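Residues: numbered from 1 along the sequence shown. Given the structure is predicted, the values throughout are model-derived calculations rather than measurements.
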Amino acid sequence: MALGNHSTITEFLLLGLSAHPNIRALLFVLFLGTYLLTMMGNLMLLLVIRADSCLHTPMYFFLSHLSFVDLCFSSVIVPKMLENLLSQRKTISVEGCLAQVFFVFVTAGTEACLLSGMAYDRHAAICRPLLYGQIIGKQLYMHLVWGSWGLGFLDALINVLLAVNMVFFEAKIIHHYSCEMPSLLPLSCSDISRSLIALLCSTLLHGLGTFLLVFLSYTRIISTILSISSTSGRSKAFSTCSAHLTAVTLYCGSGLLRHLMPNSGSPIELIFSVQYTVVTPMLNPLIYNLKNKEVKVALKRTLEKYLQYTRR
């Protein structure tokens, strides 16, 4: 397609994190290590939850899907980042960019919904422990998990179908290390009003909407914990949700700050992006392993079974 003397482009230039060769080499080693830790940590958590029947509960069903989402989220972002850190020509095709946008929407949106579902699970466990089994039945937590995936895919499909119709002329530079919708919209030469509305609705649904659900759940949780008379009881109740609260703070905090900032490619914007797309998927399995006795015990049992099997 052409308009006047302008022709549509077939690829974007990703500026990435740094142009200095030595810094890029250092960043490559750092992010390769982070990616490998993300893969190993989340795969280990998935295998432990799968292998240990004691962890076949609603909370760990949520956690297994969270680990799978983190595996996918990291794999959507980091491999292309690593390629560009080694390459002199940091380009990505328009189709590849839109594909990355699609999977970022799917994984990021699903993770936000899963975290809000896990907050409700913790609310039921702490605020109404005697009725927990009736409140969080199999049908409900299955609906919450698959509903999270469904909303993520629907949101991604709507946004990307609108983005497919956008037209880009001449060389276009993305001041980032990955393709995300907020970075693409300012580059379009066509009408983006519908895409802006869709992106706003996505932000309200997956950003502020899920944050509000988490906030309401934890308001009740904290109120219930403070009403417990014994110090040991309060400590035990808080320990059951501290890992999830830490994960929510890291993901939602950095994610919202990144999307509320202008798309300038500033260092602080890139730091927040790295935090929620690269660092948080690596930290989640560490957070749940370090703060959760059940996971540590299950991991120990799984390792013992594996060692016994290999000695035969």
Side-chain angles (χ1 to χ4, degrees), residues 9-43 66-112 152 156 159-160 163 168 171-187 250-251 253-259 261-286:
I9 63 168
T10 58
E11 59 185 23
F12 296 108
L13 176 66
L14 292 168
L15 287 188
L17 297 171
S18 175
H20 196 284
N22 292 336
I23 295 177
R24 281 164 48 196
L26 179 62
L27 289 174
F28 176 84
V29 174
L30 177 64
F31 287 118
L32 178 60
T34 301
Y35 183 60
L36 292 176
L37 286 174
T38 301
M39 294 294 104
M40 289 188 294
N42 284 290
L43 282 172
L66 183 67
S67 291
F68 181 70
V69 169
D70 282 335
L71 283 172
C72 298
F73 198 7
S74 188
S75 296
V76 168
I77 299 292
V78 181
K80 185 61 180 177
M81 180 199 294
L82 294 174
E83 177 190 336
N84 286 342
L85 285 170
L86 293 179
S87 174
Q88 294 297 324
R89 194 166 178 267
K90 305 176 184 63
T91 58
I92 184 171
S93 66
V94 172
E95 293 80 8
C97 193
L98 289 174
Q100 192 173 59
V101 168
F102 177 83
F103 288 110
V104 166
F105 264 112
V106 172
T107 52
T110 302
E111 179 150 351
N159 279 275
V160 171
F168 304 94
K172 292 299 181 182
I173 298 173
I174 297 176
H175 297 273
H176 212 273
Y177 57 83
S178 67
C179 292
E180 294 184 46
M181 191 61 77
S183 301
L184 274 185
L185 293 180
L187 305 180
L250 287 172
Y251 179 76
S254 56
L256 281 175
L257 287 171
R258 182 266 180 268
H259 283 91
M261 296 181 70
N263 295 290
S264 59
S266 64
I268 189 68
E269 178 195 341
L270 293 174
I271 288 171
F272 284 133
S273 292
V274 169
Q275 170 64 52
Y276 95 96
T277 61
V278 181
V279 179
T280 300
M282 177 194 70
L283 291 179
N284 278 344
L286 295 176

Exercise for the section: Would you mind reporting whether M81 and V278 have side-chain heavy atoms less than 4.5 Å apart? Expected result: yes
Handout entry: Closest non-hydrogen atom pair, R24 against L85
Key = NE-O, 3.2 Å
With a 3.5 Å cut-off and sequence neighbours excluded, list the donor-acceptor pairs that the side chains of residues 97-107 form with protein atoms.
unit_1 : atom_1 : unit_2 : atom_2 : d
Q100   : OE1    : C179   : N      : 2.7
Q100   : NE2    : V76    : O      : 3.0
T107   : OG1    : F103   : O      : 2.7
T107   : OG1    : V104   : O      : 3.4

Problem - Close side-chain approach of L43 and L71, heavy atoms under 4.5 Å - result: yes
Problem - Sub-4.5 Å side-chain heavy-atom contact between E269 and H175 - result: no
Problem - Partner set under side chain to side chain donor-acceptor pair (under 3.5 Å) for Y177, not counting sequence neighbours - result: T277
Ignoring hydrogens and angles, write down the donor-acceptor pairs under 3.5 Å from the side chains of residues 31-38, residues two or more places apart or on other chains.
unit_1 : atom_1 : unit_2 : atom_2 : d
T34    : OG1    : L30    : O      : 2.9
Y35    : OH     : S75    : OG     : 2.9
T38    : OG1    : T34    : O      : 2.8

Handout entry: Residue pair L283 / L286, side-chain heavy-atom distance below 4.5 Å
Key = yes
Practice task
Name all residues meeting the side chain to side chain donor-acceptor pair (under 3.5 Å) criterion together with N159; count only those two or more places apart in sequence or in a different chain, and write none if there are none.
Solution key: D155, S202
Handout entry: salt bridge (charged side-chain N to carboxylate O under 4.0 Å, His left out) contacts touching residues 82-104 (sequence neighbours left out)
Key = E11-R89, K80-E83
Practice task
Using a 4.5 Å cut-off on heavy atoms from C-beta on, say whether the side chain of F68 contacts that of F73.
Solution key: no
Handout entry: Where P285 and P281 come nearest, the two heavy atoms and their spacing
Key = CD-O, 3.4 Å
Practice task
Side-chain contact test, heavy atoms from C-beta onward, threshold under 4.5 Å: evaluate it for L270 versus H176 and give yes or no.
Solution key: yes
Practice task
Please report the shortest heavy-atom distance between I174 and S183, naming the atom on each side.
Solution key: CG2-CB, 4.0 Å
